[in-house]
Number of protein chains: 2
Amino acid sequence: MNRDNTADKLGKSGSRSKGRVTLSDVAKVIGVSAITVSRALNDPEKVNPKLRVRIEQAVAELNYVPNRAARSLATSTTQTLAVVIPTISNTVFSNVLKGIYDYTTRHNYEVLFASTYYSLQNEEKLIAKLLAQHPDGIITTGLDITERSKAMLLSANIPLVQIMEVGTGDVIDMSVGFSHFDAGASMAKYLIEQGYRNIGFIGAQMDFRSQRRMQGFLSTLADAGLETDKYLLTTTTPSDIKLGGQLLADLMAKQPDVDAIFCNNDDLAYGAIFECQRRKLRIPEQIAIAGFNDLDASASINPSLTTVKTPLYEIGRSAAELLINTLKGRPILSKTLDLGFELIVRDSA
Amino acid sequence: MNRDNTADKLGKSGSRSKGRVTLSDVAKVIGVSAITVSRALNDPEKVNPKLRVRIEQAVAELNYVPNRAARSLATSTTQTLAVVIPTISNTVFSNVLKGIYDYTTRHNYEVLFASTYYSLQNEEKLIAKLLAQHPDGIITTGLDITERSKAMLLSANIPLVQIMEVGTGDVIDMSVGFSHFDAGASMAKYLIEQGYRNIGFIGAQMDFRSQRRMQGFLSTLADAGLETDKYLLTTTTPSDIKLGGQLLADLMAKQPDVDAIFCNNDDLAYGAIFECQRRKLRIPEQIAIAGFNDLDASASINPSLTTVKTPLYEIGRSAAELLINTLKGRPILSKTLDLGFELIVRDSA
DNA sequence: TCATCTAATGTTAGCGCTATCTTTTAAGAG
DNA sequence: CTCTTAAAAGATAGCGCTAACATTAGATGA
């Protein structure tokens, strides 16, 4: 790799520095003080337009790149938001992260993310690691959190948004999401209304939010006097499409009279639908399938999937917005934002 | 939000600091110098075990969180890798990013990412922004890059890995990927071998790599004396499942005698398969469908999808590994890593 | 003319950490 | 008991930037 040698030309090979071009290098070239260059870059109106132009040229010529670490140290702000999610390789969270990223980048903040892989112990370590970067704000997933994590977040003294759910547990600072319990309940209600009576549930991963969806779902079934445990099949194995087919197969082997299945997420539902296709089971006549999240494929699959649409991108966007508004001292209307969900009725149930 | 007041207790409310606990706070509490605390944390063997224990306790009690910005400034290393990808909300890149993240986090580096949304102009700006963080290394996507981006990357003087493809254009420093041209060619070869003669191609987004796949595909068709332009349908619209159905519909309307279609990626292929199902077209008897990437659903969909498996996670992992090995001064076997691809033959073609 | 104000620029110090060099303490060696 | 050596701890300065205050030049007006 060809290395740039501007710094060598500036004659600083002996110093502790890595030889990068600094503010005062630029300043020296023009013959002004470093602070003036700093102002020209950060507060342009404060410096004479002609000087500013000269400074900008010098910056471009020398290929000067500001050192954010030094800036952070001087201002005690990092222009960085930390994000803790379970995993990046799940469409649900990549959509959330996209929402965060898009808002954040427009407002000149950087995003540092970390994946817990659904472990609260990991989460603790990651929070500690991320806080060492002194982010200006932090986003974590879910309301279930260890005491130690909570203590660290509190003593970090920065705004925090807990995303994905509202309505359960204690919010530490702010939160954005929707009620998973209600979402599960609303799907149960819909299936009951459609006349299904032997209603099943298949779920994987079974993190806290999945459990809340299941609880909402089952309690509604119970209220209607329907079976809850009989048609229930869950595993803590991470969720994927293939697993959906397998869980459907297992459930049907155990309870052949099941007439509708709520899949804990769309991926499982896709797998279930594919398995039904293979078994030549007509959906929804012989068995109804419902999903959760309304991912991309749900509208296109055959039959199209009845599911619950969740505001993933918006959760991310709103969380970032809350943080940045807080940081800029703008008024926050509410510390808790329920973005709701929407039952999407299609052909599969 | 309840605020921690340890810092107030330490009596530093008048300073420029944000009131956080610092190394010398910890040092003062124990009655040693700051540098000793620093050593206890970064180079534990260098301090007396008994003292070390006391320091560790004080750190825990005071809830001390090191300031990475200060550390970066002092060491001119940030323990951060920058990643530039087209978009995070595409399974392809979220898998790559996961590979990067997993390796990186194990080696105590942070990841800063940015999305170009497939624009080289955006990429320029993002590279400039990311370099201001002085990452220790950087990963960018693709070998097509503007001169200005290249200049910035060169003068940043840090190791760089260009990911996703090898074998085309100039590599600036290192690269990891596979040949998209060859991958496209190999699918063409397979389809020809299977006896298809009116072979089509549908593609969306049509970024550089998609184009290279298409070129490889078409040139192989041409070599076999088959039509290339006639059964070709592409758009620069971002790719999604629904679009796959639409492109298939459009192509079949234009050229009803098409007997096989190579879809530029699996998402398009899923959409195409769903559309065929709706049209009651038997796959592969009436029309064969092939995809690219071998995403999760490809093995489960009906019929299961013949596709090209690409080493997405491994590309990310290897790129991170190359960077970190370079940074640690370990020998690099080769600056260019071709991880290849694999034709996965299933039922759809 | 001189005081008064504003705009533009400069000086100083410090953000929190660690590289580097120096000093102190402890442990052996003879 | 002194001398040598290693281990442990400290002092100092500096990484690159900007907050806070200080200075200078130029404009304004009575």
Side-chain angles (χ1 to χ4, degrees), chain A residues 6-7 10 12-55 59 62 64-79 131-134 136, chain B residues 7 10 12-55 59 62-79 131-134 136:
Chain A
T6 312
L10 291 163
K12 24 175 16 205
S13 32
S15 96
R16 230 168 99 180
S17 100
K18 267 270 182 69
R20 294 206 193 91
V21 180
T22 70
L23 251 197
S24 51
D25 292 332
V26 179
K28 239 172 276 169
V29 167
I30 315 238
V32 294
S33 71
I35 188 74
T36 303
V37 179
S38 167
R39 277 198 278 257
L41 299 176
N42 299 311
D43 237 338
E45 328 76 73
K46 286 197 181 160
V47 358
N48 186 297
K50 282 182 193 167
L51 218 203
R52 197 164 75 217
V53 171
R54 280 173 56 214
I55 291 176
V59 163
L62 294 178
Y64 167 68
V65 180
N67 184 326
R68 290 276 288 250
R71 179 169 221 274
S72 293
L73 194 55
T75 59
S76 50
T77 147
T78 52
Q79 296 287 113
L131 289 181
Q133 305 269 3
H134 287 292
D136 293 344
Chain B
L10 291 163
K12 23 176 11 204
S13 32
S15 92
R16 233 168 98 178
S17 101
K18 267 267 186 68
R20 295 205 193 91
V21 180
T22 71
L23 251 196
S24 52
D25 293 332
V26 179
K28 240 172 274 170
V29 167
I30 316 237
V32 294
S33 70
I35 187 73
T36 303
V37 180
S38 166
R39 278 198 277 256
L41 299 176
N42 300 311
D43 238 336
E45 328 75 78
K46 286 199 179 158
V47 0
N48 188 296
K50 282 182 194 165
L51 218 202
R52 197 165 74 215
V53 171
R54 283 174 55 214
I55 291 176
V59 163
L62 293 177
N63 225 324
Y64 166 68
V65 179
N67 184 328
R68 290 277 286 251
R71 178 169 222 275
S72 292
L73 195 54
T75 58
S76 51
T77 147
T78 52
Q79 296 288 112
L131 288 181
Q133 305 269 4
H134 287 293
D136 294 345

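Naming: A, B, ... by sequence-line order, numbering from 1 per chain.
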Does the pair B:T36 and B:I30 meet the rule for a side-chain contact (heavy atoms from CB on, under 4.5 Å), with working shown? CA-CA 10 Å; B:T36 303; B:I30 316 237; over 6 Å; no
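Residues B:R68 and A:T78 are not in side-chain contact: their nearest non-hydrogen atoms beyond the backbone lie 4.5 Å or more apart. Between A:E45 and A:D43, some side-chain heavy-atom pair lies under the 4.5 Å cut-off.
Here the side chain of B:T75 is nearest to one of C:dC17, C:dT18, D:dT18, namely C:dT18. Of the candidates C:dT20, D:dA20, C:dA19, D:dA20 carries the atom nearest the A:R39 side chain, counting heavy atoms from C-beta on.
A side chain to side chain contact (heavy atoms under 4.5 Å, CB included) with A:Y64 is found for exactly one of A:V29, A:V37, A:L41, A:I55, namely A:L41.
Taking 4.0 angstrom as the limit, A:S33 places a side-chain polar atom (N or O) nearer than this to OP1 or OP2 of C:dG10. Proximity of A:N48 to the phosphate of C:dA7: no side-chain N or O atom is located under 4.0 Å from OP1 or OP2. Residue A:T36 places none of its side-chain N or O atoms closer than 4.0 Å to OP1 or OP2 of C:dT9. Dashed line: the shortest gap from a side-chain N or O of B:N67 to OP1 or OP2 of C:dC15 is not under 4.0 Å.
What separates CG of A:L73 from C1' of C:dG16 is a distance of 5 Å, to the nearest Å. For A:R52 and C:dT9, the CZ to C1' distance is 15 Å, given to the nearest whole Å. In this structure, NE2 of A:H134 is placed 20 Å from P of D:dC17, rounded to the nearest angstrom. Distance, B:Q79 CD to C:dT18 P: 11 Å, rounded to whole Å. If you measure from atom NZ of B:K28 to atom C1' of C:dG16, you get 12 Å, rounded to the nearest angstrom. Distance A:Q133 CD to C:dG16 P: 16 Å, rounded to the nearest Å. Atom CZ of B:R20 and atom P of C:dC17 are 10 Å apart (whole Å). We find that CD1 of B:I35 is positioned 11 Å from P of C:dT20, with the value rounded to whole Å.
Interface remark: the A:R68 side chain does not form any donor-acceptor pair with the D:dG16 base, using a distance-only criterion of under 3.5 Å.
Of the two residues contacting DNA chain C, namely B:P66 and A:V32, the nearest-nucleotide position lying further toward the 5' end is that of A:V32. Along DNA chain C, the nucleotide nearest B:S38 and the nucleotide nearest A:K46 are compared for position; the residue whose nucleotide lies closer to the 5' end is A:K46.
Atom OG1 in A:T77 sits 12.0 Å away from atom NE2 in A:H134 (nearest 0.5 Å).
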